[in-house]
Amino acid sequence: MAIGVLALLGFQLVDSAFIARLGTAPLAAQSFTFPLSFLVIGIQVGMGIAIAAMISRALGGGESARARRLGSLVLLVGTVTIALLVVLLWAVQVPIFALLGADESTRELIRAYWAPQLLAAWLGAVLYFGYSLFRAHGDTWLPGKMMVITSLVNLVLDPLLIFGIGSWQGLGLPGAAWATSIAFATGLLLLGRRLSGMDWLAAEGLLGELRRSLVPFAGIAGPAMISQLMPPLAAMLAISVVASLGEAQVAAWGLASRLETLSLMVVLAMTMSLPPWLGRCYGAGDWDQIHRLMRLALRGVVAWQLSLGILMALASPWVALALSGNPEVRDDLATLIRFLLPSYAALGVCMIVVSAGNALGWPLRAMLMSAARLFVFYLPCLWAGAWLGDLVGLAMGAALGNLLAGLAAWEVLRRILASPRRQPGKMDSAIS
């Protein structure tokens, strides 16, 4: 999964790097779309978390027929839900981007980019639901390979569709979105062929299963979706703060956001692969194994992210040079890298604890933890830093917010691991 996440996030960073060659204005236009793109991702991940938890628990409890019905439901309901969401986002684009601070010329660039980008978001969501189904059944190898394949397709198509070939001038900014759409469509075709050979879906009993599973699904999916929707909301608020500093700062922030997700590849891989494993242990009542898994995940996250963060901070001038040709954007990006990347060790701890919560029966507490990370620690520190010291202060404030959130999550995790063993099927109350 780490290899797959690296490839998937790598091609997103490649998108931004290619777009940066078009100029600061197209890169800023793309950066304004990130919060809404994260909104779609938040919905799909929240649904994926819920269904993976329920399928893995059903498999751990020996309910294979129910697991097949749940698999069919997530593909059907998820596809329709995300389709309705992207239609809504297309309809309300003008007031939303104006509210985020995009001027008229930037909104004109966004308008040409937004339709293919929403198509890519829908295709990516359907593909993600397929990945969730495979992960719930213990197969992380195929999703990882598919992420690599789609990333390679996107990498080949990006320069062709953005800049053109021969006498054809290319599509510019929309070309990046069309490349992503084609890559995800290719992935869906390959995944569909593989899924057709698996006995993981059911065509009968879906309505009854929907009635049976709706309440427990909502109990996990509701808080999980809210947890996933809070980051895009926080990203909207953050980019509105950054927009007050200038266009170059927005462009640098957009590149830093792409680099953030890329640098968190191991953490993201754990949030995808760890919950199904925890869910099976939860269904079987194996709390000793759950404790061992959580301790291992915590040590791995801190060691990896801290080492990577320090290395990236030392290499920040060269990393920024590779990602942007604009001197002003490059200098601002180097500043953001130096302060933010080391703080992702603490951020990773918080992400792991939240992800585990949805698999272990405390989704509401996981949601509250996400809310505290963003709205108690991160955003207030980011705003205060920007008010005190422009971009440098903003970067320092964001790093401080991540550190405080990580320390709070560390304390929560310590309480969980120190609590008495719980019986399977009961809600975890270690954080109360």
Side-chain angles (χ1 to χ4, degrees), residues 8-42 86 89-90 92-94 96-124 151 154-155 157-164 170-184 231-232 234-243 245-262 319-320 322-326 328-330 332-333 336-337:
L8 184 63
L9 298 178
F11 92 61
Q12 294 176 351
L13 189 62
V14 165
D15 275 355
S16 295
F18 279 127
I19 291 170
R21 306 303 174 188
L22 295 174
T24 302
L27 183 59
Q30 187 203 31
S31 298
F32 275 110
T33 68
F34 288 165
L36 296 184
S37 297
F38 293 153
L39 174 67
V40 178
I41 293 172
V86 298
L89 290 178
W90 170 258
V92 300
Q93 61 178 297
V94 174
I96 287 183
F97 289 124
L99 186 63
L100 290 177
D103 56 29
E104 180 58 37
S105 61
T106 302
R107 291 200 300 271
E108 189 65 30
L109 289 172
I110 293 173
R111 193 172 295 113
Y113 172 74
W114 196 225
Q117 178 59 24
L118 286 175
L119 174 62
W122 177 73
L123 292 170
S151 300
N154 183 82
L155 179 62
L157 293 177
D158 251 345
L160 298 178
L161 297 182
I162 294 174
F163 303 112
L171 301 174
L173 179 60
W178 282 115
T180 304
S181 297
I182 296 171
F184 284 156
M236 291 181 190
L237 297 175
I239 203 168
S240 66
V241 175
V242 179
L245 302 178
E247 187 179 73
Q249 285 72 30
V250 172
W253 185 262
L255 286 172
S257 298
R258 291 297 203 194
L259 192 60
E260 171 187 325
T261 51
L262 181 63
V319 176
L323 293 177
S324 177
N326 185 303
E328 188 177 2
V329 174
R330 184 169 63 237
D332 290 340
L333 179 58
L336 292 172
I337 291 172

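When reading the values below, keep in mind they use all heavy atoms of this one structure, side chains included, and skip hydrogens, waters and symmetry mates. Since the model is a prediction, treat every value here as computed from it, not as a measurement.
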- Query: Side chains of L259 and V319: does their closest heavy-atom pair fall under 4.5 Å?
  - Reply: yes

- Which residues pass the side-chain hydrogen bond (donor to acceptor under 3.5 Å, both in side chains) test with T106, sequence neighbours left out? D103

- Query: If you round to the nearest 0.5 Å, how far is CG of L173 from CZ of R111?
  - Reply: 13.0 Å

- Query: How long is the span from the CD1 atom in I110 to the CD1 atom in I96, to the nearest 0.5 Å?
  - Reply: 11.0 Å

- Message: So which atom in T180 and which in A120 form the shortest heavy-atom distance, rounded to 0.1 Å?
- Response: CG2-CB, 3.9 Å

- Message: I'd like to check L119 versus W178 (side-chain heavy atoms, cut-off strictly below 4.5 Å). Are they in contact?
- Response: yes

- Does a side-chain heavy-atom distance below 4.5 Å link L161 with I182? yes

- Query: Tell me, do R107 and F32 make a side-chain contact under 4.5 Å, heavy atoms counted?
  - Reply: no

- Query: Below 4.5 Å, heavy atoms only, C-beta onward: do F184 and W122 meet side chain to side chain?
  - Reply: no

- Any side-chain heavy-atom pair from W253 and L333 closer than 4.5 angstrom? no

- Message: Using the side-chain hydrogen bond (donor to acceptor under 3.5 Å, both in side chains) criterion, which residues pair with E260? Sequence neighbours excluded.
- Response: Y344

- Task: Tell me, please, which residues at least two apart from A251 pass side-chain contact (heavy atoms from CB on, under 4.5 Å).
- Result: T24, L27, V329

- Item | Test item: I162 and L171 side chains (from C-beta on) under 4.5 Å apart, heavy atoms | no

- Is the distance between the ring centroids of W114 and F97 under 6.0 Å? yes

